[in-house]
Amino acid sequence: MDVKLLLDQFLGEGASTPGTDTNRAAKRGAAGGLAVGGMLGLMMGSKKVRKKARKAAKYGGAAALGALAYRAYQNYQTDQSAPHIPEDRFLPSAAPSADGQPFELALVLAMISAANADGHIGPDEQRVIFERVGESDLEALEKGFVFDALSDPPGLNDVAALATGVEQATELYMVSRMAIDVDHPAEVAYLEALAARLQLPRELVNQIDQEVG
């Protein structure tokens, strides 16, 4: 399974991470129609999310996620005299998640879980998403992973349990915040509970919110 490319499809249109075949990424990103503007925007059905999607694509998808998370932590570190952490430890591929699987998969699960925070993805939305995934050029393993996650979305505690260290906790919260257009009490409660479960300091959460917002 090409976990880097799969994550890119959620984070930015046609984005590619270092070492990814850019021609393949472009083919399976733009042609596949599974960029955040398509997949996540479709899940949320929100103009604001689609606007965020274009911004994420501009930043470069998964390749930029580590940089954004690091910047949030760096600002927090400066204000709070927190321990220094090297930037490369914020890259999604830097270490596996707590279950031993590639951390990119944990980030995709986090976005799907967050998108379900207010129960927005009903049967009709799910059917459309399934059709889009099925028509895409993603490989069978990648399609199966998305199908399974959409059919049985992970819970908040399941997502939080995947983090090892503040770097991964920061990224899990960041992508969850990206997936939520905070205009519903259930979404606010979800993010607050996730931050608490990830044991993120309020000051760091504020910095992440600033980066995403």
Side-chain angles (χ1 to χ4, degrees), residues 1-12 15-21 25 28-29 34-36 39-40 43 56-57 59-74 76 83-117 138-139 141-150 152-180 190-191 193-201 204-205 207-208 211-212:
M1 185 188 300
D2 191 337
V3 294
K4 291 183 179 180
L5 187 56
L6 177 60
L7 178 59
D8 272 339
Q9 308 315 302
F10 278 77
L11 288 176
S16 62
T17 51
T20 299
D21 184 326
R28 293 173 59 190
L34 287 177
V36 69
M39 172 64 88
L40 194 53
M43 286 198 294
Y59 282 134
L65 176 63
L68 292 174
Y70 175 70
R71 188 162 69 186
Y73 181 83
Q74 193 174 41
Y76 159 73
H84 171 73
I85 297 177
E87 183 174 3
D88 59 3
R89 282 173 52 183
F90 284 86
L91 295 174
S93 60
S97 55
D99 63 356
Q101 296 297 311
F103 187 59
E104 289 89 343
L105 298 182
L107 293 167
V108 172
L109 291 175
M111 284 184 274
I112 292 175
S113 178
N116 277 276
L138 289 172
E139 295 177 354
L141 283 175
E142 295 158 355
K143 289 180 181 180
F145 178 82
V146 177
F147 286 151
D148 289 345
L150 287 169
D152 187 19
L156 179 152
N157 288 334
D158 298 323
V159 170
L162 295 172
T164 60
V166 68
E167 308 95 322
Q168 291 189 352
T170 298
E171 291 178 314
L172 284 172
Y173 180 86
M174 178 169 277
V175 294
S176 299
R177 179 65 180 81
M178 289 175 63
I180 287 182
Y190 181 93
L191 287 174
L194 180 62
R197 182 69 177 78
L198 289 168
Q199 299 182 343
L200 290 173
L204 178 52
V205 170
Q207 291 294 341
I208 299 170
E211 290 294 335
V212 175

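Note that this is a predicted model, so its numbers are computed, not measured. In what follows, residues are counted from 1 in the order of the sequence shown.
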Engineer: With rounding to the nearest 0.5 angstrom, report the CD to CG distance, Glu142 to Leu105.
Structural biologist: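 Separation between the atoms: 9.5 Å.
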Engineer: Under the criterion side chain to side chain contact (heavy atoms under 4.5 Å, CB included), I'd like the reasoning laid out for Phe103 against Leu172: C-alpha separation, chi angles, the key distance, then a yes or no.
Structural biologist: CA-CA 9 Å; Phe103 187 59; Leu172 284 172; 3.7 Å; yes
Engineer: Is the shortest heavy-atom distance from the side chain of Tyr70 to the side chain of Leu91 under 4.5 Å?
Structural biologist: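 With C-beta onward as the side chain, the pair stays apart.
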Engineer: In the structure I gave you, are the side-chain heavy atoms of Leu204 and Tyr173 within less than 4.5 Å of one another anywhere?
Structural biologist: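 No; the side chains remain at least 4.5 Å from each other.
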Engineer: For the residue pair Gly66 and Pro92, what are the closest heavy atoms and their distance?
Structural biologist: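 Nearest heavy atoms, Gly66 then Pro92: N-CD, 4.3 Å.
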Engineer: Under the side-chain hydrogen bond (donor to acceptor under 3.5 Å, both in side chains) test, which residues partner Ser97, sequence neighbours left out?
Structural biologist: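 With neighbours one apart ignored, the set is Asp99.
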Engineer: Grab the two heavy atoms, one from Ser93 and one from Lys4, that are nearest each other, plus how far apart they are.
Structural biologist: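 Shortest heavy-atom separation between Ser93 and Lys4 comes out as CB-CE, 3.9 Å.
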Engineer: Which distance, rounded to the nearest 0.5 Å, do you find between the CD of Glu211 and the CZ of Arg71?
Structural biologist: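 If I round to the nearest 0.5 Å, the distance is 4.0 Å.
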Engineer: Could you report the tightest heavy-atom contact between Gln168 and Leu162, atom names first, then the distance?
Structural biologist: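 Closest approach of Gln168 to Leu162, heavy atoms only: OE1-O, 3.5 Å.
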Engineer: Where do Val3 and Glu104 come nearest, in terms of heavy atoms and distance?
Structural biologist: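 So the minimum-distance heavy-atom pair works out to O-CB, 3.6 Å.
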Engineer: Partners of Ser113 by side-chain hydrogen bond (donor to acceptor under 3.5 Å, both in side chains), sequence neighbours excluded?
Structural biologist: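 Listed in chain order: Tyr190.
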Engineer: Would you give the length of the straight line joining atom CG of Leu107 to atom CE of Met178, rounded to the nearest 0.5 angstrom?
Structural biologist: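 The CG atom of Leu107 sits 10.0 Å away from the CE atom of Met178.
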Engineer: How far apart are the closest heavy atoms of Leu191 and Arg177, and which atoms are they?
Structural biologist: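 Looking at all heavy atoms of both residues, the shortest contact is CD1-CD, 3.6 Å.
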Engineer: For Asp148, what residues pass the side-chain contact (heavy atoms from CB on, under 4.5 Å) criterion, not counting sequence neighbours?
Structural biologist: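 Here no residue qualifies.
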Engineer: Which residues pass the side-chain hydrogen bond (donor to acceptor under 3.5 Å, both in side chains) test with Glu87, sequence neighbours left out?
Structural biologist: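 In terms of side-chain hydrogen bond (donor to acceptor under 3.5 Å, both in side chains), with neighbours along the sequence ignored, Glu87 is linked to no residue.
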Engineer: Do Thr170 and Leu198 have side-chain heavy atoms sitting under 4.5 Å apart?
Structural biologist: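 Thr170 vs Leu198: side chains apart.
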Engineer: Taking all non-hydrogen atoms of both residues, which atom of Ile180 and which atom of Ala114 are closest, and how far apart?
Structural biologist: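 The pair with the smallest heavy-atom distance is CG1-O, 3.5 Å.
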Engineer: Rounded to the nearest 0.5 Å, what separation is found between the CD atom of Glu171 and the CG atom of Leu65?
Structural biologist: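 It comes to 4.5 Å.
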Engineer: Out of curiosity, Leu150 CG to Phe145 CZ, how far, rounded to the nearest 0.5 Å?
Structural biologist: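 If we round to the nearest 0.5 Å, Leu150:CG and Phe145:CZ are 10.0 Å apart.
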Engineer: Once salt bridge (charged side-chain N to carboxylate O under 4.0 Å, His left out) is applied, what residue pairs with a partner in residues 157-169 remain, sequence neighbours excluded?
Structural biologist: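 The answer is Arg89-Glu167.
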Engineer: Taking only residues two or more places apart in sequence, or in another chain, which ones meet Tyr73 in a ring pair (Phe, Tyr, Trp, His ring centres under 6.0 Å)?
Structural biologist: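 Once residues adjacent in sequence are excluded, the partners of Tyr73 under the ring pair (Phe, Tyr, Trp, His ring centres under 6.0 Å) criterion are Tyr76, Phe90.
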Engineer: Can you check whether Asp2's main-chain N or O pairs, donor with acceptor, with Glu139's side chain at less than 3.5 Å?
Structural biologist: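 No.
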